[in-house]
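Please read the structure below before turning to the comments.
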Amino acid sequence: MKFIAIIPARYASTRFPGKPLAMLGGKTVIQRVYEQATAVLPEAYVATDDERIFKAVEAFGGRAVMTRTDHKSGTDRIEEAAEKIQTDADVIINVQGDEPFIQTSQIETLMHLFDDPTTQIGTLGKLFDTMEAVENPNSPKIVCDRRGFALYFSRSVIPHVRGKEQASWLEHFPYLKHLGIYAYRRETLKEVTQLSQTPLELAESLEQLRWLENGYRIRVGITDVETVGIDTPEDLVRAEKFLQEKH
């Protein structure tokens, strides 16, 4: 099976404009993401809507592809990029452009989900460490079935542990945090980007619910590695500190 990474990277982020070109330990964020992806995968492309990002990627020797500015999601941008480069890959891995610390083990876990021919879409989950983290609506929770397929994703705390104080729920149920990295079979990616938004997606503002509502199955791999995503300038400061501690 052939895998490639496509890394969506927009310049105009609401909370952090120009984020992919922010410097982190002497390299741009997007270069760090690209290097992490290509440490595992033989081929990667940055899919961007901005000439500055395109040129920056080419300057460090990476591959980039220009895409439209009006995409509603990273998934749509990836589909356009896959069409443009005419990839013959069986599976496309969507590595977020703001995850400079994505680990080799995480990408490999995702790839192994496709050893099963019934896997259409793969993603990752990590067990929560604290109840406070579970209660954060910015950290979506995943509920899975016995075979590791996602039943639902929610910003709410699900499931509800009946008859116990909420502060102790983590002692009674292994809550799973969703990490926003995806992999799709090529034909599945084509199909899901043709779907209209759905009621659950609109309610929770979680794109993956659109796929579940339309009957697609998402297999969840488990990782014990925490990612350090960058959404805001404050996150960049934290990431810089994280990088220094690693060395």
Side-chain angles (χ1 to χ4, degrees), residues 1-8 32-44 73-75 78-79 82 87 89-130 133-134 136 138-155 158-159 170 173-189 191-193 201 204 206-229:
M1 278 179 76
K2 182 177 176 184
F3 293 83
I4 71 163
I6 299 183
I7 305 162
R32 289 196 173 276
V33 176
Y34 190 93
E35 287 174 354
Q36 293 295 96
T38 51
V40 191
L41 298 158
E43 201 178 340
S73 72
T75 313
I78 285 169
E79 168 56 24
T87 182
D90 301 290
V91 175
I92 293 167
I93 298 181
N94 171 355
V95 179
Q96 302 288 351
D98 56 5
E99 291 279 357
F101 301 110
I102 185 154
Q103 294 299 300
T104 299
S105 65
Q106 293 175 311
I107 296 173
E108 287 171 343
T109 297
L110 258 185
M111 291 166 74
H112 282 304
L113 297 177
F114 291 85
D115 294 345
D116 182 338
T118 67
T119 301
Q120 296 173 300
I121 302 169
T123 195
L124 293 181
K126 179 185 179 294
L127 288 169
F128 278 101
D129 297 325
T130 67
V134 176
N136 180 356
N138 294 318
S139 288
K141 276 57 72 178
I142 320 172
V143 177
C144 296
D145 69 13
R146 283 293 180 85
R147 292 182 57 215
F149 286 101
L151 291 167
Y152 194 66
F153 297 80
S154 184
R155 295 182 184 282
I158 57 166
L170 202 55
F173 187 84
Y175 287 91
L176 199 58
K177 173 184 181 176
H178 182 224
L179 306 182
I181 175 172
Y182 296 102
Y184 323 80
R185 286 197 192 272
R186 178 70 193 98
E187 62 276 17
T188 304
L189 177 62
E191 290 167 13
V192 297
T193 49
E201 176 194 6
E204 294 254 22
L206 294 173
E207 181 190 18
Q208 61 271 34
L209 293 175
R210 183 192 316 181
W211 312 333
L212 288 183
E213 269 188 278
N214 279 281
Y216 289 89
R217 307 200 70 199
I218 304 172
R219 191 184 281 278
V220 182
I222 305 299
T223 178
D224 59 0
V225 181
E226 186 62 82
T227 57
V228 183

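When reading the values below, keep in mind they use all heavy atoms of this one structure, side chains included, and skip hydrogens, waters and symmetry mates.
At distances below 3.5 Å, at least one donor-acceptor pair connects side-chain atoms of Gln103 with backbone N or O atoms of Phe101. Checked by atom type and distance alone, the side chain of Lys126 never pairs as donor or acceptor with a backbone atom of His178 at under 3.5 Å. Remark: the backbone N or O of Pro159 is paired with a side-chain donor or acceptor of Tyr175 at under 3.5 angstrom. The main-chain N or O of Arg217 is found under 3.5 Å from a side-chain atom of Gln120 such that the two form a donor-acceptor pair.
Once rounded to the nearest 0.5 Å, the distance linking CG of Leu212 with CD of Glu201 reads 11.0 Å. The distance from atom CG of Leu41 to atom CD1 of Ile6, rounded to the nearest 0.5 Å, is 11.0 Å. Here the straight-line distance linking atom OG1 of Thr87 with atom CD of Glu43 works out to 5.5 Å at 0.5 Å rounding. One finds the CD1 atom of Ile121 at 12.0 Å from the CD1 atom of Ile92 (value rounded to the nearest 0.5 Å). Distance OG/Ser73 to CG/Asn94: 9.0 Å, rounded to 0.5 Å.
Between Tyr184 and Glu79, every side-chain heavy-atom pair lies at or beyond the 4.5 Å cut-off. In this structure, Ile218 and Ile142 have side chains that are not in contact, with every pair of non-hydrogen atoms separated by 4.5 Å or more. Side-chain contact between Arg186 and Asp90: absent, with no pair of heavy atoms (C-beta onward) separated by less than 4.5 Å. Between Val95 and Gln36 there is no side-chain heavy-atom pair separated by less than 4.5 Å. Contact check for Lys177 versus Val134: no side-chain heavy atoms found under the 4.5 Å cut-off. Within the 4.5 Å cutoff, the side chain of Gln96 has no heavy atoms near those of the Ile102 side chain. At a threshold of 4.5 Å between non-hydrogen side-chain atoms, the residues Gln106 and Ile181 do not count as touching. Between Ile78 and Thr193, the closest side-chain pair of non-hydrogen atoms is not below 4.5 Å.
Residues satisfying the side-chain contact (heavy atoms from CB on, under 4.5 Å) criterion with Arg146, sequence neighbours excluded, are absent altogether.
Taking every heavy atom of both residues into account, Arg219 and Phe149 meet most closely at NH2-CZ, 3.1 Å. Between Gln208 and Tyr182 the shortest heavy-atom distance is OE1-OH, 3.1 Å. In terms of heavy-atom proximity, Phe153 sits nearest to Leu209 at O-CD2, 3.6 Å. Of all heavy-atom pairs spanning Val225 and Thr223, the tightest one is N-OG1, 3.1 Å. Between Ile93 and Ile107, the closest heavy-atom pair is CD1-CG2, 4.0 Å. Counting all heavy atoms, side chain and backbone alike, Ser154 lies closest to Ile158 at CB-CD1, 3.6 Å.
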Let's go through Leu110 and Val91 carefully: what are the C-alpha distance in whole Å and the side-chain angles of both, what is the deciding distance for side chain to side chain contact (heavy atoms under 4.5 Å, CB included) to 0.1 Å, and is it a yes or a no?
CA-CA 10 Å; Leu110 258 185; Val91 175; over 6 Å; no

Under the side chain to side chain contact (heavy atoms under 4.5 Å, CB included) criterion, do Glu99 and Leu179 qualify, and how do the steps go?
CA-CA 10 Å; Glu99 291 279 357; Leu179 306 182; over 6 Å; no

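If you check the side chains of Thr75 and Glu207, you find a donor sitting under 3.5 Å from an acceptor.
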